[in-house]
Visitor: 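Before we start, here is the structure in question, set down as C-alpha cells.
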Number of protein chains: 2
Amino acid sequence: MTGDLFDPACPTRQLLDRIGDKWTSMLIKVLAEADPPDMGFASLARSAPGISHKMLSQTLKNLCRDGLVARRVEATVPPRVHYSLTDLGRSLDGPLSALRVWAERHMAVIDANRRN
Amino acid sequence: MTGDLFDPACPTRQLLDRIGDKWTSMLIKVLAEADPPDMGFASLARSAPGISHKMLSQTLKNLCRDGLVARRVEATVPPRVHYSLTDLGRSLDGPLSALRVWAERHMAVIDANRRN
DNA sequence: CCGTATCCGTAGGGATACTG
DNA sequence: CAGTATCCCTACGGATACGG
C-alpha cells in the first residue's frame with residue numbers, strides 16, 4: 001500500500017483526452033447553443049469554421065459513440081441527418097461553461113504572459 | 001457583417017489547447033492539492049507517475065511562462081527549485097474541479113458506451 | 001539535484017477526391 | 001447532402017544522454 005495516488009486511469013485525464021482535441025469542445029458548445037436543438041451536418045460545418053469535412057465526421061462519430069450526441073436520420077431524398085446533445089452531453093456543457101467563463105476572463109493575460 | 005460567430009480566437013479553444021495536453025492538468029491538480037504549496041522537481045515527478053523528465057520540465061516551463069506557476073530557486077548546493085501555483089493558477093483549479101467532478105461521475109458511462 | 005538537447009516513433013489532423 | 005478513403009505532414013511526447 002504505497003498509496004500510489006495517481007491512477008493511470010484518472011478520470012479527469014481521460015476526460016481531457018476525450019474532449020481536449022481540436023474540435024470536440026467546440027462542437028459541444030455549438031450544439032449546446034443550438035436552437036432548435038438539432039443541427040445538420042452542413043449546418044455544423046458552417047458553425048465551426050475551419051473544420052475539415054473529415055474531422056467533423058470523425059468528431060461527431062466519437063461523440064455519438066460516447067453517448068454525448070444523438071444522431072437521427074431523416075429518410076428523405078436527399079437524406080438529412082440531425083445531431084443533438086443527449087442529456088449526458090448537456091450535463092457536460094455546465095462544467096465546460098465554467099471553463100469558458102474562466103477562459104474569457106483570463107486568456108488575454110495568459111497570452112500576454114506567453115508573448116514576453 | 002455576416003456574423004461569422006466563430007472567432008478563430010475562441011478563448012475556450014485556446015484554453016483547451018493550453019491545458020488539454022497530456023500533463024498540464026495533472027500538474028495543476030497536484031500543485032493545487034500540495035501541502036505545503038511548494039513542490040520540488042523530483043517531488044512533482046513522483047506525483048505524476050509515468051511522466052518523463054523531459055515532459056515535466058517542458059510542461060513546467062510553459063506553466064511558468066503562462067503565469068500559472070511560480071518558480072523559486074533556493075541557492076543551495078545542490079540547488080532546490082520550488083514550484084507553486086500563482087493566484088491565476090489557483091483560480092483555474094476551480095473550473096477544473098467542476099470538470100473533475102463531472103468526470104468522476106460520468107466517465108464510467110462514457111467508457112462503457114465507447115466499448116460497445 | 002535540476003534541467004536541456006537529440007533522436008525518433010506515432011497519432012492527430014488538413015487537402016483532396018470519391019461513393020451513396 | 002452526408003460521409004468515407006487516401007495521402008502526407010507536423011507536433012507531441014518517450015528514451016536516452018549530456019551540461020550546470
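Lettering of chains follows the sequences in order, A, B, ..., and the numbering in each one begins at 1.
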Visitor: With sequence neighbours excluded, tell me which residues meet salt bridge (charged side-chain N to carboxylate O under 4.0 Å, His left out) with D87(B).
Guide: R90(B)
Visitor: Using a cut-off of 4.0 Å between protein heavy atoms and nucleotide atoms, how would you tag nucleotides 10-20 of chain D 5' to 3' with B, S and -?
Guide: ---BBB-----
Visitor: Within this structure, what is the CZ-to-P distance between R80(A) and dG3(D), rounded to whole angstrom?
Guide: 11 Å
Visitor: With sequence neighbours left out, what residues match F41(B) under ring pair (Phe, Tyr, Trp, His ring centres under 6.0 Å)?
Guide: H53(B)
Visitor: Between L60(A) (CG) and dC1(D) (C1'), how many Å, whole number?
Guide: 14 Å
Visitor: Rounded to whole angstroms, how far apart are CD1 on I19(A) and C1' on dG12(C)?
Guide: 17 Å
Visitor: Counting only heavy atoms and a strict 4.0 angstrom limit, can you tell me which residues of residues 71-78 of chain A come near DNA chain D?
Guide: R71(A)
Visitor: Would T24(B) and D21(B) count as having a side-chain donor-acceptor pair, cut-off 3.5 Å?
Guide: yes
Visitor: With a 4.5 Å limit on heavy-atom distance, are the side chains of L27(B) and L56(B) in contact?
Guide: yes
Visitor: List the atom pairs, with distances to 0.1 Å, where a side-chain N or O of residues 94-105 of chain A and a protein N or O form a donor-acceptor pair under 3.5 Å, not counting sequence neighbours.
Guide:
from	atom 1	to	atom 2	distance (Å)
S97(A)	OG	D93(A)	O	2.8
S97(A)	OG	R100(A)	NH1	3.2
R100(A)	NH2	D93(A)	OD1	2.6
W102(A)	NE1	S91(B)	O	3.3
W102(A)	NE1	S91(B)	OG	2.9

Visitor: Among pairs that include at least one residue of residues 11-37 of chain B, which meet ring pair (Phe, Tyr, Trp, His ring centres under 6.0 Å), considering only residues two or more places apart or in two chains?
Guide: none
Visitor: Roughly how many Å is it from NE2 in H82(B) to C1' in dC1(C), rounded to a whole number?
Guide: 12 Å
Visitor: Let me know the distance between CG of L56(A) and C1' of dA15(C), rounded to the nearest Å.
Guide: 15 Å
Visitor: Once you round it to whole Å, what is the distance between P of dG12(C) and CG of D17(B)?
Guide: 15 Å
Visitor: Using the side chain to side chain contact (heavy atoms under 4.5 Å, CB included) criterion, which residues pair with K54(B)? Sequence neighbours excluded.
Guide: S52(B), Q58(B)
Visitor: Test of understanding: with salt bridge (charged side-chain N to carboxylate O under 4.0 Å, His left out), list the residues that count as partners of D17(B), not counting sequence neighbours.
Guide: R13(B)
Visitor: Taking only Watson-Crick and G-U wobble pairs with both distances under 3.5 Å, what dot-bracket line describes DNA chain D, where [ ] shows pairs that cross earlier ones and | shows pairs with another strand?
Guide: ||||||||||||||||||.|
Visitor: List in chain and number order the residues that pass salt bridge (charged side-chain N to carboxylate O under 4.0 Å, His left out) with R71(A), two or more places apart in sequence or in another chain; answer none if no residue qualifies.
Guide: none
Visitor: Which residues pass the side chain to side chain contact (heavy atoms under 4.5 Å, CB included) test with H82(A), sequence neighbours left out?
Guide: D38(A), R72(A), E74(A), R80(A)
Visitor: By salt bridge (charged side-chain N to carboxylate O under 4.0 Å, His left out), which residues pair with R114(A), not counting sequence neighbours?
Guide: D66(B)
Visitor: What is the distance, rounded to the nearest whole Å, between atom CG of L44(B) and atom P of dC1(C)?
Guide: 14 Å
